[in-house]
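Encoded as structure tokens, the structure appears first; notes follow it.
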Amino acid sequence: MAELDKTFDPHAIEARWYPVWEKRGYFKPDMGAEGEPFAVMLPPPNVTGRLHMGHALDDTLQDALTRYHRMTGVPTLWQPGTDHAGIATQMLVERQVEAEGSSRHAMGRETFVDRIWQWKAESGGHITTQMRRLGASVDWSRERFTMDDGLSAAVQHVFVDLYQRGLIYRGQRLVNWDPVLKTAISDLEVESVETAGHMWHFKYPLEDGATYEYVERDAEGHETFRETRDYISIATTRPETMLGDGAIAVHPDDARYAPIVGLKCEIPVGPKAQRRLIPIITDEYPDPAFGSGAVKITGAHDFNDYEVAKRNDLPMYRLMDDAAALRVDGMAYDAAAMRAAEIVATGETPDAMAVDAINLVPEAYRGLNRFEARRRIVADIEADGLLIVIEDKTIMQPFGDRSNDVIEPMLTRQWFVDAKRLAAPAIEAVEDGRIRFIPENWSKTYFEWMRNIQDWCISRQLWWGHRIPAWYDESGNVYVGADEASVRQANNLADNVALTQDEDVLDTWFSSALWPFSTLGWPDDTAALKTFYPTSVLVTGFDIIFFWVARMIMMGLEFMGDVPFRDIYIHGLVRDADGAKMSKSKGNALDPIDLIDGIDLEALVAKRTSGMMQPQKAAKVEKATRAEFPNGIAAYGTDALRFTFAALASYGRDIRFDLGRVEGYRNFCNKLWNAARFALMQVPEDFVPAADGDVELSAADRWIISRLQRVEADMATHFATYRFDLAANAAHDFVWHHLCDWYLELIKPVLAGDASEAAKAGTRRTLVRVLETTLRLLHPLMPFITEEIWQRVAPLARGRALTKEGESISLQAYPVSDAARIDEHAEAEIEWLKKVIGGLRTIRGEMDIAPKQKIPLMVAGAATTDRDRLTRHRRAIDFLAGVESIDEMAADAIPESAVALVGDMQLRVPLAGLIDTEAELARLDKRLAKIDKDLTGLNKRLGSDFVNKAPADVVDKTRAQADDLTREQAELTDQRARIAAL
RNA sequence: AGGCGCGUAGCUCAGUUGGUUAGAGCGCUACCUUGACAUGGUAGAGGUCGGUGGUUCGAAUCCACUCGCGCCUACCA
């Protein structure tokens, strides 16, 4: 007998099977297979990454889909790989280099980039190792990295092509600048956080001491305030930017300032002798109802101001360097101020380069960081008596999501993708259904963003990444091409013309956007590309719809002429038990590997408190961790973890991760394991399932086969609709509550008793075959345990002769529901049996009859079918309800007893010596109260318009229910009266 | 400000096109170490579905309003 251990132990099993699967190449697509190919692109994790709960969820769902489709026999590809994560990787290696006392600048670009490659070779594969622990059935032979040669060629090709068609351009624009990383970042990489700040109100004195009547009026036009002023009141949250003001803007309809529009006012900071005068202009932008209604315009340091400045040809004076310290370069302040005054006076619009040379930072502030400069400027203005008031105000402060430093809007020259033009077809693809979001609602988020899309800044001032394929000659002309040689050739540039390549690299997401086709070999026309593009489904979280999903759609349509995937399944974000986002910095993250292998409390605390960005939080994190996991985390195994993710993956926005669920599904694994153990104990090792002619299938056999068809159909539906939660529930319910609770129990008396050989043969065959099918049904969700059991069960289910060496459940056919094997008679019969046993068990339970105490059963009102069934299932009833005898007699001949009803049949258990009268009365009263309540509701409905307006079948069903309850009520009432009379 | 979503048993969540006597898992109570499984078994307690109003023969399910919560996008200088 191939007996299994008593308790399921995931570790040995997991370690054994994954390498076998991978080595035997099960995860490679069978390109010769028939049917619609199925392909999934793994969202490439960051090469510096570690597997977190979000990955584990994402990987589980993709693997379930992939294994499911692979088992249906179609060519199936799950394409893996990682991205080069420009900023993250460069930062990581830079820190290492700095720890060694060097720096990237000291090393030089080439050496530093080599060093990153070296790091990648040694440590860049951590997350892929972790994915194997999850059982991810990706085709590792096709693993790609965004900086691979092929993918780099694709990037270059796309860049050159878009440039040539005018969809990529270079321009001086205001971008989000990260002063720590010293690079531009996209607006998606900026995180706005509410921060306590101030709003400072300053007086900007009018030129030559001019005055005006400042008048405020209410809605009816009555004057509410009047004052003679020689200044205009300006509020700002960022006083340091005042130095670069180009104008003061007021709304054209704002009567308060009409008298002074066209005049000039003085920026109240800097050496008195050279204070700059700026014009007061009108623009639609200022909101008269907010603040003073007048806004200072600093085009080079604010996105709104930038637009106003562009509209009004105002000069944009850059005040800071790449570290966001106030500039020290360029001309001296007095010269700069004079030049700026000239520009105001003449109304000229100098070109951007010329303006950039003008450094309007007074010497006293030069070199200060922006926050120190702010303090000094405020102090100086206050000392001058030009500070009106300081308000406390919560402001939305932009932070870089990598550096966590305050992002500075900075005027720089960058490369951009004209996203609006690419977005139009991408919007259409979702509108017309070529791409489907699941759940569908996410399309709204997508549209919202796509319809307001801004040009995409794709250049980064980094060394690690795809270098921009653009070259400049000495006069600054730009040439774009695959490499220097082709640029020279295409532009007839002689060898003596000096060309230098653009120093910048491309945004990592630029290469990720090409992932669905670059990984398949594009721009070459490969078999993989032909077979698998468009891919079937993208599985990802909503947090990267903009970053990645939208951009893949744009690029796919542009370069492949077709959508990159047909479905986008968006799952929730994994949160902790309190609903908080898991993060390292909060110290509430769980490592999926720890849930698989287990971790003791001390190790968990150490892990959560080490390497924290804010070490002062360590004590709090430790306390919370000790409270939440007093015993650490048990080892649940991969299958239990995966099943949990599937069960939690409903169509919601977030997923609260509950350890209790993992434990429950670990128990489920054990249940399955033991069901198999039981099955293996029921058949000899050389078991060969009998042929149809030699077996007799009992109602229980036919019932479980029938139920199996139903759950097979459910699983197919749930996979097709991405309802992993329902799939998990359906499988769980079938295994636990059908197979284990009933089928295995029902067959025990058959196999152990004196049933016919044909009946035993039928039951054994059914047992192993249903189990074998169930394993295949579960395999996409729990690959390891199902493989392990299947290896022992499959030979029994099919017979040794049909079993080949070296087979795996991975490549077996996924069970398909067969409507012909749904057996309603067997289902009705077993439902009846469950009611009989359930009724008796309820009596036993509520009457406190000891489990070992057998009960006599008296039956009244049995129909012929009841009688037949009682005979047929006598062994099961005795075994499962502890019955010692069954006697049929007339109702009034039965002594005082507890009663259960199954249809019209009364099941009576005599009270004598067994049953407490009071308890039975209480039980009957409870049941009668419930019947009364339900019956009242039903009768009320039947007495209303319901009978005229509701569909006939619904009315009939309701009538039948009411009739049943009325009969039951009558019998129980009668029964109650007799017992009460005792 | 706009968009999206959520509020169903103590907890975490299902509930498909309105027709049930509103479900599951965990937790809880009682009993049970019976020979697959105590990571188990049997029985049981526990919700009128955030609130109000409406549509309908019928609403957890549709509509309106309302309260509470969350997320995203854009922000007022």
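Since this is a predicted model, take the numbers as computed values, not measurements. A, B, ... follow the sequence lines: proteins, then strands. Residue 1 opens every chain.
Only the C1' atoms considered, B:rG10 is 38 Å distant from B:rG2, to the nearest whole Å. Using atom P as the reference point in both B:rC11 and B:rU20, the two lie 27 Å apart (nearest Å). Taking atom C1' on both B:rU52 and B:rC13, the two are 27 Å apart, rounded to the nearest angstrom. Across the C1' atoms, B:rU48 and B:rA64 are found 22 Å apart, a figure rounded to whole Å. Of the P atoms belonging to B:rU33 and B:rG41, the separation is 16 Å, rounded to the nearest Å. With P as the reference atom, B:rU17 and B:rC6 are 13 Å apart, rounded to whole Å. The P atoms of B:rA9 and B:rC32 are separated by 33 Å, rounded to the nearest whole Å. B:rG15 sits 15 Å from B:rG5 when the P atoms are compared, rounded to a whole Å.
In this entry B:rC65 has B:rG51 as its Watson-Crick or G-U wobble partner, both defining distances falling under 3.5 Å. Searching all strands for a Watson-Crick or G-U wobble partner of B:rG25 with both distances below 3.5 Å returns B:rC11. Look at B:rA30: its Watson-Crick or wobble partner, with both distances under 3.5 angstrom, is B:rU42. The partner of B:rA60 is absent, by the rule that a Watson-Crick or G-U pair needs both atom distances under 3.5 Å. When both pairing distances are held under 3.5 Å, B:rA1 makes a Watson-Crick or G-U pair with B:rU73.
Residue A:Trp449 has no polar side-chain atom (N or O) positioned under 4.0 Å from OP1 or OP2 of B:rG2. Contact between the side-chain N/O atoms of A:Gln682 and the OP1/OP2 oxygens of B:rA36 is not found at any separation under 4.0 Å. Between B:rU12 and A:Arg656, a contact under 4.0 Å exists linking OP1 or OP2 to a side-chain N or O. Residue A:Lys926 places at least one side-chain N or O closer than 4.0 Å to OP1 or OP2 of B:rA45.
Contacts of A:His737 with the nucleic acid, taken as non-hydrogen atoms under 4.0 Å apart, involve only primed sugar atoms and P, OP1 or OP2. At the heavy-atom level, A:Glu745 lies under 4.0 Å from base atoms of the strands shown. As judged by a 4.0 angstrom heavy-atom cut-off over every strand, A:Glu846 is placed among residues touching the sugar-phosphate backbone only. Here A:Thr445 lies out of heavy-atom contact (under 4.0 Å) with every strand. Within the nucleic acid shown, A:Gly293 comes within 4.0 Å of at least one base atom, counting heavy atoms only. Residue-level contact check: A:Arg941 touches the backbone only, with heavy atoms under 4.0 Å from sugar-phosphate atoms and none from bases. Residue A:Lys748 is in base contact, counting any heavy-atom pair closer than 4.0 Å across all strands shown. Here A:Cys669 lies out of heavy-atom contact (under 4.0 Å) with every strand. Heavy atoms of A:Leu744 sit under 4.0 angstrom from at least one base atom. Note on A:Asn948: nothing from the nucleic acid sits closer than 4.0 angstrom, heavy atoms only.
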Does the side-chain contact (heavy atoms from CB on, under 4.5 Å) test come out yes or no for A:Ile877 and A:Leu833, once each step is laid out?
CA-CA 8 Å; A:Ile877 293 167; A:Leu833 179 58; 3.7 Å; yes
Just do the side-chain contact (heavy atoms from CB on, under 4.5 Å) check on A:Phe437 and A:Ile570 with the steps written out, would you?
CA-CA 7 Å; A:Phe437 274 92; A:Ile570 301 285; 4.1 Å; yes
Go through the steps to decide whether A:Glu884 and A:Ile855 satisfy the test side-chain contact (heavy atoms from CB on, under 4.5 Å), and finish with yes or no.
CA-CA 5 Å; A:Glu884 63 178 3; A:Ile855 52 172; 5.8 Å; no
Between A:His198 and A:Asp392, does a side-chain hydrogen bond (donor to acceptor under 3.5 Å, both in side chains) hold up when you go through it step by step?
CA-CA 4 Å; A:His198 305 283; A:Asp392 290 332; 2.9 Å; yes
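For RNA chain B, the neighbouring residues in residues 720-729 of chain A, judged by any heavy atom under 4.0 Å, are A:Arg723, A:Leu726.
Straight-line distance from the CG atom of A:Leu659 to the P atom of B:rU12: 15 Å, rounded to whole Å. Between the CG atom of A:Asp245 and the C1' atom of B:rA77 there is a distance of 11 Å, rounded to whole Å. To the nearest angstrom, P of B:rU73 lies 14 Å from CD of A:Glu194. The NE2 atom of A:His732 sits 7 Å away from the C1' atom of B:rG25 (whole-angstrom rounding). Distance A:Leu648 CG to B:rA14 P: 10 Å, rounded to the nearest Å. The CG-P distance, from A:Asp956 to B:rU20, rounds to 15 Å in whole Å. Here the P atom of nucleotide B:rU73 and the CG atom of A:Asn452 are 13 Å apart, to the nearest Å. Following rounding to the nearest Å, A:Arg666 (CZ) and B:rC37 (C1') show an atom-to-atom distance of 12 Å.
Which of B:rG40, B:rG44, B:rU20 sits closest to the side chain of A:Trp736 comes down to B:rG40. Considering only side-chain atoms of A:Lys671, the nucleotide from B:rA77, B:rU73, B:rG41 that sits closest is B:rG41. Set against B:rC57, B:rU73, B:rU39, the side chain of A:Lys949 has B:rC57 as its closest nucleotide. The side chain of A:Asp658 sits closest to B:rU12 out of B:rG5, B:rG19, B:rU12. Listed nucleotides: B:rG44, B:rA14, B:rA77. Nearest to the side chain of A:Ser650: B:rA14. Of all nucleotides listed (B:rU12, B:rC71, B:rA36), B:rA36 comes nearest to the side chain of A:Asn674. Residue A:Phe678 places its side chain closer to B:rA36 than to any other of B:rA77, B:rA36, B:rC57. Closest to the side chain of A:Phe546, from the set B:rC57, B:rU33, B:rU73, is B:rU73. Comparing B:rU12, B:rC75, B:rU42 by their closest approach to the side chain of A:Arg841 singles out B:rU42. Side-chain atoms of A:Pro851 lie closest to B:rC32 of the nucleotides B:rA77, B:rC32, B:rG40.
The residue among A:Val954 and A:Phe542 whose nearest nucleotide of RNA chain B is located toward the 5' end is A:Val954. Mapped onto RNA chain B by nearest heavy atom, A:Leu938 and A:Val947 fall at different nucleotides, with A:Leu938 at the one closer to the 5' end.
By the 4.0 Å N-to-carboxylate-O rule, A:Glu788 lies close enough to A:Arg792 to be salt-bridged with it. Under 4.0 Å is where a charged nitrogen must lie from a carboxylate oxygen, and between A:Asp725 and A:Arg723 at least one such pair does. A salt bridge does not link A:Arg841 with A:Glu846: none of the charged nitrogens is closer than 4.0 Å to a carboxylate oxygen. Under a 4.0 Å N-O distance rule, the pair A:Arg959/A:Asp963 does not qualify as a salt bridge.
Taking the six-membered ring for Trp and thresholds of 30 and 60 degrees, A:Phe724 and A:Phe719 have ring planes more than 60 degrees apart, a perpendicular arrangement. Ring geometry, A:His732 versus A:His737: the interplanar angle exceeds 60°, so the pair is classed perpendicular (tilted spans 30 to 60°).
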